[in-house]
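Note: hydrogens, waters and symmetry copies are ignored here, and every other heavy atom, side chains too, is used. Below, read A as the first sequence line, B as the second, and so on, with proteins coming before strands; counting in each chain starts at 1. Here the structure is a predicted model, which means the values were calculated and not measured.
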There are 2 protein chains.
Amino acid sequence: MTEQAVFRALSDPTRREIIGLLAQKPLSVNEISSHFDMTRPAVAKHLKILQSGDIISVKAIGRERINHLEPLALKSVADWLSYFSHFWDTKLAKLKSTIENQPKPENTP
Amino acid sequence: MTEQAVFRALSDPTRREIIGLLAQKPLSVNEISSHFDMTRPAVAKHLKILQSGDIISVKAIGRERINHLEPLALKSVADWLSYFSHFWDTKLAKLKSTIENQPKPENTP
DNA sequence: TATATAAGAAACTAAATGGTTTCATGTCAA
DNA sequence: TTGACATGAAACCATTTAGTTTCTTATATA
């Protein structure tokens, strides 16, 4: 939802790991839980926090709830960071603005 | 220090605002505190957390402690995000990896 | 239909977090 | 040298966080 909700969601290592898992493919709550050394309700709470940041969406299939990564939510963090990126990567920042101001980039062979 | 320390430091809106201030110029503890509706010790605690993530460095000048932004620390977050950036910006991600994987131009035969 | 499975919900707990107030220490300047 | 100022440090507090256990509900399936 808000930028704060995304930053907050990313502040926990378990949640970042869940994001990494869901980047591979959508997973049910049980499938996600099996990757961690904690109970299913604990994982479910993390999923709820990820939902509140719109980082994942949930689709009910029968009795399972399939969690999908919504990567666009992470872009707000990337946008915040881009304000500082020129400090460490002037070259890339310049390229970025060049690309974004171009109507159509040429193909790399 | 660790990636976790950086993510943790960014999870608080006050700390992100401090980062924004220090991106303009280095500031003393009092100067930073004057921007917020909380006591100086509270701000000092935030500064300590930012230090623990190596996001700021402190130089003592007389009785003042001048806080400097260390933007390179933010790069670890950018790097983590770049793993997902292809979801929203395939074009830029490709260019980025192209650039970063290039050897030094002068050594190219 | 009976049973097993997937998940949500509630109540509880320990520890971390974000804030406060008060006090101590070092440095500048009249 | 004395007093004001910048900061650190400690003790304390309320709330949030991350986890647990237990119970309930809904759906698959033998």
Side-chain angles (χ1 to χ4, degrees), chain A residues 1-22 25-70 73 77, chain B residues 1-22 25-70 73 77:
Chain A
M1 194 179 185
T2 67
E3 181 185 80
Q4 171 56 21
V6 180
F7 274 104
R8 192 249 177 166
L10 294 186
S11 70
D12 183 274
T14 299
R15 290 194 287 269
R16 291 198 301 279
E17 205 172 334
I18 291 174
I19 291 174
L21 290 174
L22 296 181
K25 61 171 179 175
L27 296 169
S28 71
V29 177
N30 262 348
E31 287 171 324
I32 297 169
S33 298
S34 70
H35 282 81
F36 296 97
D37 188 25
M38 66 179 72
T39 60
R40 182 190 47 78
V43 171
K45 280 191 183 180
H46 284 303
L47 292 173
K48 205 172 200 174
I49 291 169
L50 288 167
Q51 276 182 62
S52 79
D54 287 331
I55 295 173
I56 65 175
S57 62
V58 184
K59 194 188 287 184
I61 306 274
R63 58 184 165 184
E64 292 186 325
R65 308 296 172 93
I66 308 299
N67 299 271
H68 299 252
L69 183 63
E70 296 293 343
V77 173
Chain B
M1 195 182 176
T2 67
E3 180 184 81
Q4 171 56 21
V6 179
F7 274 103
R8 190 247 179 167
L10 295 186
S11 70
D12 183 274
T14 299
R15 290 194 287 267
R16 292 198 301 280
E17 204 172 334
I18 291 174
I19 290 174
L21 291 174
L22 295 182
K25 61 171 179 175
L27 296 170
S28 72
V29 177
N30 261 349
E31 286 170 325
I32 296 169
S33 298
S34 70
H35 283 81
F36 296 96
D37 189 24
M38 66 180 72
T39 61
R40 182 189 47 76
V43 170
K45 280 190 182 179
H46 284 302
L47 292 173
K48 205 172 199 174
I49 291 169
L50 288 167
Q51 277 181 62
S52 79
D54 287 329
I55 295 173
I56 65 175
S57 61
V58 184
K59 193 189 286 186
I61 306 274
R63 57 185 166 183
E64 292 186 324
R65 309 295 172 94
I66 308 300
N67 299 269
H68 298 252
L69 183 64
E70 296 292 343
V77 174

**Request:** Could you list by number each residue of residues 60-70 of chain A showing a heavy-atom separation from DNA chain C of less than 4.0 Å, or answer none if no residue does?
**Result:** A:Arg63, A:Glu64, A:Arg65

**Prompt:** CZ/B:Arg16 to CD1/B:Ile55 distance, rounded to the nearest 0.5 angstrom?
**Reply:** 11.0 Å

**Complete:** Atom CG of A:Asp12 and atom C1' of D:dT16 are separated, to the nearest Å, by 13 Å

**Item:** Side chain proximity check, B:Arg65 to B:Val58, heavy atoms < 4.5 angstrom
**Value:** yes

**Request:** Report the C-alpha separation of A:Leu10 and A:Ile19 in whole Å, then their side-chain angles, then the decisive distance to 0.1 Å, and conclude whether the side-chain contact (heavy atoms from CB on, under 4.5 Å) test is met.
**Result:** CA-CA 9 Å; A:Leu10 294 186; A:Ile19 291 174; 3.4 Å; yes

**Prompt:** Nearest 0.5 Å, what's the CD1-CD1 distance between B:Ile56 and B:Ile66?
**Reply:** 11.5 Å

**Atom pair distance, as rounded to whole Å: CG in A:Leu50 and C1' in D:dT17** = 14 Å

**Asked** In whole angstrom, what separates B:Leu47's CG from C:dG18's P?
**Response** 13 Å

**Matching residue for B:Ser57 among B:His68, B:Gln51, B:Glu70 - test: side chain to side chain donor-acceptor pair (under 3.5 Å)** = B:Glu70

**Message:** Heavy atoms only, 4.0 Å cut-off, all strands: where does A:Ile49 land among base, sugar-phosphate and nothing?
**Reply:** sugar-phosphate

**Asked** According to a strict under-4.0 Å criterion, is B:His46 in side-chain N/O contact with OP1 or OP2 of C:dG19?
**Response** yes

**Prompt:** Which residues, if any, of residues 25-33 of chain B bring a heavy atom under 4.0 Å of DNA chain D?
**Reply:** B:Ser28, B:Val29, B:Asn30

**Asked** What residue among B:Ile32, B:Leu69, B:Ile18 forms side-chain contact (heavy atoms from CB on, under 4.5 Å) with B:Leu27?
**Response** B:Ile32

**Request:** In whole angstrom, give the distance that lies between atom CG of A:Leu10 and atom C1' of D:dA18.
**Result:** 17 Å

**Message:** Tell me the closest heavy-atom pair linking A:Gly53 and A:Ala5, and the distance in Å.
**Reply:** CA-CB, 3.9 Å

Sort me out a list of protein N/O and nucleotides 20-23 of chain D N/O pairs below 3.5 Å, or just none if empty.
| unit_1 | atom_1 | unit_2 | atom_2 | d |
| --- | --- | --- | --- | --- |
| D:dT20 | OP1 | A:Thr39 | N | 3.4 |
| D:dT20 | OP2 | A:Thr39 | N | 2.9 |
| D:dT20 | OP2 | A:Thr39 | OG1 | 2.3 |

**Request:** Grab the NZ-C1' distance between B:Lys59 and D:dA6 for me, whole Å please.
**Result:** 18 Å

**Complete:** Smallest heavy-atom separation, A:Val6 atom then A:Ala73 atom, equals CG1-O, 3.8 Å

**Item:** Derivation of the side-chain contact (heavy atoms from CB on, under 4.5 Å) call for A:Glu17 and A:Phe36
**Value:** CA-CA 10 Å; A:Glu17 205 172 334; A:Phe36 296 97; 3.6 Å; yes

**Request:** Using atom types as modelled and distance alone, determine if a side-chain donor or acceptor of B:Arg15 lies under 3.5 Å from a backbone N or O of B:Arg8.
**Result:** yes

**Prompt:** Over how many whole Å does the gap from A:Gln4 atom CD to C:dT17 atom P extend?
**Reply:** 14 Å

**Request:** Check whether any side-chain N or O of B:Arg8 sits under 4.0 Å from OP1 or OP2 of C:dA16, and answer yes or no.
**Result:** no

**Request:** Look only at the side chain of B:Glu64 and the backbone of B:Ile61, and say whether a donor-acceptor pair between them is shorter than 3.5 Å.
**Result:** no

**Prompt:** Starting at CD1 of A:Ile56 and ending at P of C:dA7, how long is that distance when rounded to a whole Å?
**Reply:** 12 Å

